[in-house]
Amino acid sequence: MSSEPIIAYFSMEIGVQSDIPTYSGGLGVLAGDTVRSAADLGIPMVAISLLARKGYFHQTLDFSGWQSEEPNIWVIENYFTEVNQRVSITIETRTVHIRCWKYTVTGNSDQVSVYFLDTDLEENSEQDRRLTDHLYGGDNYYRLCQEIILGIGGILMLRKLGYTDIRRYHMNEGHASLLILELLKEEAYRQGDKFILDKHRDEVRKICIFTTHTPVPAGHDQFAMDLFERLVHESYVYKQCKDTFCFDNRLNLTYLALTHSRYINGVAKKHKEITQQMFGAHQIDSITNGVHTKTWASEPFSLLFDKYIPGWQADYSSLRYALNIPLDDIWNSHQAAKKRLLECVNGATNSTMSMDVMTIGFARRATHYKHSDLVLADINKLKELHNRIGNFQMIFSGKAHPHDMAGKELIQKIFRIKELLAEDIKIAYLPNYSMELGKLLTSGSDIWLNTPQPPLEASGTSGMKAALNGVPSFSILDGWWLEGCIENVTGWAIGERDDALHTFDPKLYAQKLYEKLQTTILPKYYSDRNSFINIMRHTIAINGSFFNTERMLNQYISKAYY
Ligand SMILES: *Cc1c(COP(=O)(O)O)cnc(C)c1O
């Protein structure tokens, strides 16, 4: 039986399971790994999110690589249990009834309940019934309604469920920060006041924690003030403190969270610096992201760890002991993971990838700054490397946001180059990137590629999944990789450490990438195999043992939750 939760974790998306489409990418996967580790560590936590009845979307890629989207329909009752409690909120002048569904995450020592809010009830208008259908769908109006449901509805639901003794509210990104409005109202009510005053804000600031994930100003949710005043019931009670959640005369959810949190952090050291520059007036700390080791260890590596590092599942830092695992065992486990990946790729596409060819994996949201096409910049150079230095094959995956046309064109471009290179280099693009595919890819590739434009990658976590499976990263230095990269020990850097200072030239990075493939990585893989495997072993011991959500949550406990 879990103790009374004292941490309420709010996130627009949570990936509790690969086939439950209540996540779109890194933010939701991190939230899932966070609650899984909380359950392992026995941290008294309860989590709140939105249902996403139609998921993010199901991705279809036509012959040219053009993406189209369909609803991702799933049977909620097969996974979640409905809870009896209902609450209602007012949006504009409409009453919106909210129910919720419970999913229980069971860990090594405890359980964490995750509640998904849902407005699809007969008593709601048709318009309101659709508000919890799509993750990141719709326009600004739809989005603000969702955020009202998550933040304000979420607090009301917690109270209704009997969680009255919550001591910390953790906002995973600004989407949830309207919860502050409800906490302010509760505090004013407690003190017998009609309007929100500074003294109420001081109380609320003692209990809120904010983690920001976005290193660009445009990535922060903002709404016109008149939309806020129209949609948020009793918005007049905030009139004396409106300037604390307005920025440039717009409701800014990041700003609201910044001005009402006792502890604020970015998700890697570099990201903290960038965030500090953006929001100079606030004290920003950093806690580098992690991944839930047990979730992301492939079966072959789980078995290997069982053999050599007994008890690793309850003590992830013990993965440091991987340095004592014989090279042959590391290699055999990796080949077993690679076999699973290639079987999936060869089954799903018409490629005929082979086990003894070095395999480069790349899976990311298809969006401009992630530059998925960077590795493909020079076709002739790629052919030359492949035919003269050493064979390699490449596997891509990733969705573009439905409104991101440039992102969709990026996928098409990869398809085009895939055809151009077909005679020489095998390339596959797997549709519908999910947690399951992510696990196959990060554990089954031989090297894990990442080419973000610095400093836009707040942290990134897929390279951490690769690391604990003995797969070295080959990446531009940004986000977590600035902390994880030890050249020729845990992987390889593309470019230098201070590259964020210069304008980003993808062609230049591509040259650096090819050069390192040519002089270091391909020769090591084919002619100095033991030294390659030794690097694999160090990625586990040095990075796998550290970049996990167990270490991350322990830092949240000592810095933010205490
Ligand atoms: C791990 C993961 C991510 C986040 O990885 P990045 O390195 O931040 O791109 C995104 N989507 C899925 C499905 C994942 O498993």
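Computed from a predicted model, the values in this text were never measured in an experiment. As the structure lists them, so they are numbered: ligands from 1, and atoms in each ligand from 1.
For Thr106, the side chain to side chain donor-acceptor pair (under 3.5 Å) partners at least two apart in sequence or on another chain are Gln111. Applying the side chain to side chain donor-acceptor pair (under 3.5 Å) criterion to Tyr321, with sequence neighbours excluded, gives Asn324. Among residues two or more places apart in sequence or in another chain, the side chain to side chain donor-acceptor pair (under 3.5 Å) test is passed with Tyr429 by none.
Applying the 6.0 Å contact sphere to NZ of Lys339 captures no more than 12 heavy atoms from other residues, nucleotides or ligands.
Between the side chains of Asn289 and His213, no donor N or O sits under 3.5 Å from an acceptor N or O.
Sorted by chain and number, the residues within 4.0 Å of ligand 1 by heavy atom are Gly25, Gly26, Val29, Trp296, Arg364, Tyr433, Ser434, Met435, Gly460, Thr461, Ser462, Lys465.
Of the possible donor and acceptor atoms, one in the side chain of Asn469 sits under 3.5 Å from a partner among the backbone N and O of Ser298.
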